[in-house]
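Below, all heavy atoms of this structure are taken into account, side chains as well, without hydrogens, waters or symmetry copies. Keep in mind that this is a model prediction, so the values were computed, not measured. Chain A is the first sequence line, chain B the second, and so forth, proteins listed ahead of strands; every chain is numbered from 1.
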There are 2 protein chains.
Amino acid sequence: MTSRRGRIELTTRPELDDLLGYHLRRASILDLAGFAEALGDEIKPVAFTVLCLIDETPGITAAEIGRQARLQRANLAPMLAEFDGRGLIERRLDAEDQRIQRLHLSQLGARAVADWRERALAQEDRTFGTLTSDERETLRGLLSRIWKDV
Amino acid sequence: MTSRRGRIELTTRPELDDLLGYHLRRASILDLAGFAEALGDEIKPVAFTVLCLIDETPGITAAEIGRQARLQRANLAPMLAEFDGRGLIERRLDAEDQRIQRLHLSQLGARAVADWRERALAQEDRTFGTLTSDERETLRGLLSRIWKDV
DNA sequence: TATTGTTATACTCTATAACTATA
DNA sequence: TATAGTTATAGAGTATAACAATA
């Protein structure tokens, strides 16, 4: 069935189209694919998130990263060991609480994060190129309200 | 450092906050958690997507579902076999092309999809409860423009 | 008793390759 | 030769349980 203008007319809107979660997932998958294409050989999204948190909060602990980024300590341990092996971070034992390792970016790590960040933002310019700057800001605001405990 | 009003003042915006992909991922993860909580024992998001596509387009093929939803045929095969086993779908051999199976929801499947759909939407009311109806519509529009080839 | 970091392990999801049957 | 459906398998990502060290 077509309208007078020749466009297809749906008697009912597609079911999936109603589900915000579906749109979220599809957009996120597309973004992840772009990230992988741009930086996949060097860093992965979750690992980059962890490094950004260390950059934003020098001295943050693995347990705190786990809580903030919803990652299991058990999965964080080998990741941080790898960062250490690549010379991206330093792990300093806390003087007062011997259980705790304070995490810091090394100079190399800081430079790498800055580089990756720049390239990730450039990649997002491509992924979200269909949206204007204002629309992206609107989107950012709406999304952050969803997942942050606001 | 605090402002005169006592709120924490960031000299620089957190790095992660700039990345739209990060917000997308966090929001999507939250939505998936809600979906799992509401329907996890009965149906999973990807499986629900597949059933919705069959509902929207009776006679659709597995290969076409794979293209539309970015799923591998190889992973679709056991899923459709399971749907068949649960009596949710029927697979009818195409009369003209013997390679093709035309997929249709059974009566049971149609009822199940309708039920799940209602509950998924109710769950989204909770997940996105912080947004107004207009804001959700705005979000839906922006997201769909990102991942659809517009 | 609770928490941190760690190891081992299981489970889910997705990707790749190869096969058959049809066209 | 190309495509549909299928099978087997490998890899990545995530979750669970248990442990030693420390508080």
In plain terms, say whether [X] and [Y] are close enough for a salt bridge, that is, a side-chain N and a carboxylate O under 4.0 Å apart.
{"X": "B/E135", "Y": "A/R145", "answer": "yes"}
{"X": "A/D55", "Y": "A/R117", "answer": "no"}
{"X": "A/D17", "Y": "B/R140", "answer": "yes"}

Nearest whole Å is fine: how far is [N] [atom2] from [X] [atom1]?
{"X": "A/R70", "N": "D/dT14", "atom1": "CZ", "atom2": "C1'", "value": "14 Å"}
{"X": "B/R73", "N": "C/dA17", "atom1": "CZ", "atom2": "C1'", "value": "11 Å"}
{"X": "A/L93", "N": "C/dT3", "atom1": "CG", "atom2": "P", "value": "20 Å"}
{"X": "A/D94", "N": "C/dT4", "atom1": "CG", "atom2": "P", "value": "12 Å"}
{"X": "A/Q101", "N": "D/dA21", "atom1": "CD", "atom2": "P", "value": "15 Å"}

Quick one: which of [options] gets closest to the side chain of [X]?
{"X": "A/N75", "options": "D/dT14, C/dT6, D/dG5", "result": "D/dT14"}
{"X": "B/R67", "options": "D/dA15, D/dA4, C/dG5", "result": "D/dA4"}
{"X": "B/A74", "options": "D/dT6, C/dT7, C/dT4", "result": "D/dT6"}

| message | On DNA chain D, compare the nucleotides closest to A/L71 and B/L76; which residue's is nearer the 5' end? | response |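 Counting from the 5' end, the first nearest nucleotide belongs to B/L76.
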Which part of the nucleic acid does [X] contact within heavy-atom distance under 4.0 Å: base, sugar-phosphate only, or nothing?
{"X": "B/R91", "value": "sugar-phosphate"}
{"X": "A/Q98", "value": "sugar-phosphate"}
{"X": "B/E64", "value": "nothing"}
{"X": "A/A81", "value": "nothing"}

TODO: Report the relative orientation of the aromatic rings in B/W147 and A/Y22; use parallel for angles under 30°, tilted for 30 to 60°, perpendicular for over 60°.
DONE: perpendicular
Quick check on D/dT14: is either OP1 or OP2 less than 4.0 Å from any side-chain nitrogen or oxygen of A/Q72? no
Verdict with supporting geometry, A/R119 and A/E42, salt bridge (Lys or Arg N to Asp or Glu O under 4.0 Å):
CA-CA 12 Å; A/R119 286 156 64 194; A/E42 300 166 52; 2.7 Å; yes
Discussion item. Regarding C/dG5, can its base be found pairing with the side chain of A/R99 as donor and acceptor, where the two atoms are less than 3.5 Å apart?
Written reply: no
Within the modelled atom types, does a donor on one side and an acceptor on the other bring the side chain of B/D97 and the base of D/dA4 under 3.5 Å apart?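 No such pair is found, so the answer is no.
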